[in-house]
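To keep things clear, I will list the structure first and then write my remarks on it.
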There are 2 protein chains.
Amino acid sequence: MRPTLQTVADAVGVSRSTVSNAYSRPDQLSTDLRDRILSAARDLGYAGPNPTARSLRRGRAGAIGVLFTTGLSYAFSDPYAVQFLRGLAESVERHDTGMLLIPMSNTDEEASARAVADAVVDGFCVYCVPEWHASLAAMRDRQLPVVTTEIRDDHRGDEIQVGIAERPAMAAAARHLHALGHRDVAVLIADMAPATAAGPLRVDSPDAIRYYVDRERAHGVAEVFPWAEVTLINAAGNSRGAGAAAAAHVLDRAERPTAILACSDVLALGALDAVAARGLRAGADISVTGFDDVPEAARAGLTSVRQPSVSKGALAGELLLENKRETADRRVLLPTELIVRASTGPAPSRS
Amino acid sequence: MRPTLQTVADAVGVSRSTVSNAYSRPDQLSTDLRDRILSAARDLGYAGPNPTARSLRRGRAGAIGVLFTTGLSYAFSDPYAVQFLRGLAESVERHDTGMLLIPMSNTDEEASARAVADAVVDGFCVYCVPEWHASLAAMRDRQLPVVTTEIRDDHRGDEIQVGIAERPAMAAAARHLHALGHRDVAVLIADMAPATAAGPLRVDSPDAIRYYVDRERAHGVAEVFPWAEVTLINAAGNSRGAGAAAAAHVLDRAERPTAILACSDVLALGALDAVAARGLRAGADISVTGFDDVPEAARAGLTSVRQPSVSKGALAGELLLENKRETADRRVLLPTELIVRASTGPAPSRS
DNA sequence: TTGAAAGCGTTACCAG
DNA sequence: CTGGTAACGCTTTCAA
């Protein structure tokens, strides 16, 4: 049998409490005794206080659960996600807390729900999970603090929210294109619902778009361009490849749009790939905008809507772990900014 | 106070065990009683069995800890890491297990060590952590099953190992270049130790390289080219930007090497960026090879050493969670293959 | 099909 | 500075 605190206590001839103190409160006992206990523990092969037992007793798991969609491609392949996660990791670490990754399977929602129910955590951070996913219900059942990256009007209970104003942010990009004379634009969304086909999509209103972020950003475009004249393309995934494939759908048309607004930089970078592959010049023959302003965007000269990804993650962690009481502190709107680069330019005159 | 199993049991007028069964063994009681219990639980606001308590009692944490270096850039920004992680996630999920991310801070090793000591997990997966890191000692103290992605001769205890033969894999790339007539080559390593300066590095033997993977791959190069004639460049980070900056160091020399062997694809892609930025043609003016064969490599026409990243992760998870007994099953060598693309070509004749 | 009892390994409190 | 006592919330025999 594995040695426990008791084993060590017996060996040294002290009580459990003292051994416990030797590990968790070094100042509560003489250095001498502490050393004796620690070395006895080593000799006995005691692995240190059992974290599970400690958690139970302390009433603190020492970790937060991170729910994120696996989508068609793995979420972390988006640099934006990586940055968000880094911010989250930093603040979580400062609170001596870990991150339990809970990938949301799209094929087996029940498995994910079970994972959520069994997660040894003190709270959850939800990131890009479709609102209909079974695991979200399971999460609410846990009645733990929750932070989301979506600022929603239908504020669910007391979820903490940290995010950006999606519509105006995207509208800024749309307005930029409009000012450049563009009138015929396409919007690239990532819709990662299972079994969605990539390709053009015809919906009467942005409201019909399933994912919150896609939907809101589409609304932003609709604020500037009449929705009926906008071409909506579903990339069915959030990756560079998916973006390229989706862009191909409109680039190869006889009457191609003069601009493409992508809902993420990875999609936009893919669109640029497709543009280049056809020998077209971005910013001249066709304009492309992205969203997030990831490092690659700068390198590629991509006009993009910048959002503070790292801070978003850091704040999410901070708010979740400090669990502020005042509602004002539980909803943070972060600023965005349109960064104009070479990928956008005046609309070419139609032939 | 929060309701517990007992609260529900009292309310319904049954024993704790019955309520427990209602959740964990639905077949052990009548549907009727079960429904009564579950609805009472809902009314009382009972959040379901406490995962921590359950873990303690069952002796199973239901998660594995993933140790990875944060390096200078966040580890997941390497597509290779993402693929590995995806494989790991898949097999871990199949075992109804979660993944607890434990980033290894380079600036505060003790914090990481504490995180490892407190992690509620059943085992660890170590991925790209420098061997001297304090957290590894903390991990061994836990005496839990461990899987590494390095096949080492100094086989540490009974760690499970799944990896590739690093030297021969890299030697294949070197041999390919040698056959093309290259004699003056540079090697790009990622060495992410804290406070390392990027730039050329002069070491008497690959043995002096700190990171296992860098070291072994350098050895592979040394099997083909006399080490004294190889230029070693430290990118001090594993990112595209770091690769570009590192490559610049040799590209701007009067006598630049005719080929660059990068220890990862992201570094190689960065090198290609640097090559292109100087108006040089990869595969003609200078050859570049990568390692991993991530999707971007194909897109960029990069010659690379392919390794089965996803399977590596999947196998790591599998072996860790099944915890096979026989030593033969605890060490898996995965195949690699050199994929030749346009980024390598005959060595240009020296002017 | 249900219930009673016995822990799982720790930490917190309070007395000495 | 040290030790006894009482939880923490659950699962698991085993017997009824």
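A, B, ... follow the sequence lines: proteins, then strands. Residue 1 opens every chain.
- Atom CZ of Arg36(A) and atom P of dT2(D) are 9 Å apart (whole Å).
- Using a 3.5 Å distance cut-off with no hydrogens or angles, the side chains of Ser135(A) and His133(A) do pair a donor with an acceptor.
- Contact annotation: the side chain of Cys128(B) never approaches that of Thr149(B) to less than 4.5 Å [non-hydrogen atoms, C-beta and beyond].
- With hydrogens and angles ignored, a donor-acceptor pair closer than 3.5 Å exists between the side chain of Arg57(A) and the base of dT11(C).
- Distances shorter than 4.0 Å separate none of the side-chain N or O atoms of Tyr23(A) from OP1 or OP2 on dG9(C).
- Contact annotation: Arg25(A) reaches the phosphate of dA12(C) (side-chain N/O to OP1 or OP2, under 4.0 Å).
- Under the 4.5 Å side-chain criterion, counting only non-hydrogen atoms from C-beta, Tyr46(B) is not in contact with Gln143(A).
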Polar atoms only, N or O, under 3.5 Å: list the protein pairs with nucleotides 3-5 of chain D and their distances.
unit_1, atom_1, unit_2, atom_2, d
dG3(D), OP2, Ser15(A), N, 3.3
dG3(D), OP2, Thr18(A), OG1, 2.6
dG4(D), N7, Ser17(A), OG, 3.2
dG4(D), O6, Ser17(A), OG, 3.0

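- Under 3.5 Å, the side chains of Thr7(A) and Arg2(A) contain no donor-acceptor pair of N or O atoms.
- Distance, Ile37(B) CD1 to dT2(C) P: 8 Å, rounded to whole Å.
- At a threshold of 4.0 angstrom between heavy atoms, the contacts of Asp32(B) with the nucleic acid are absent.
- Here the OG atom belonging to Ser30(B) is positioned 4.5 Å from the CG atom belonging to Leu33(B), to the nearest 0.5 angstrom.
- An OP1 or OP2 oxygen of dT11(C) is reached within less than 4.0 angstrom by a side-chain nitrogen or oxygen of Ser20(A).
- One interatomic measurement links the two molecules: CZ of Arg34(B) to P of dT2(C), which rounds to 12 Å at whole-angstrom precision.
- Whole-Å rounding puts the Gln28(B) CD to dA15(D) P distance at 17 Å.
- Summarising the geometry, the separation between CD on Gln6(A) and P on dG9(C) is reported as 11 Å, rounded to the nearest angstrom.
- Heavy-atom nearest nucleotides on DNA chain C were determined for Arg54(A) and for Asp27(B), and the one closer to the 5' end corresponds to Asp27(B).
- Phe124(A) places none of its side-chain heavy atoms less than 4.5 Å from the side chain of Leu320(A).
- Residue Ser55(A) is out of contact with every strand shown, counting any heavy-atom pair closer than 4.0 Å.
- In this structure, Leu5(A) atom CG and dC8(C) atom P are separated by 13 Å, rounded to whole Å.
- Protein atom OH of Tyr46(A) is 10 Å distant from nucleotide atom P of dG9(C), rounded to whole Å.
- Put simply, CZ on Arg142(A) is 13 Å from P on dG9(D), counting in whole angstrom units.
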Evaluate Gln161(A) against Thr148(A) for side-chain hydrogen bond (donor to acceptor under 3.5 Å, both in side chains), listing each step before the verdict.
CA-CA 5 Å; Gln161(A) 305 188 152; Thr148(A) 344; 5.0 Å; no
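- Contacts of Leu56(B) with the nucleic acid, taken as non-hydrogen atoms under 4.0 Å apart, include base atoms.
- Nucleic acid contact class of Thr52(B) (heavy atoms, under 4.0 Å, all strands): none.
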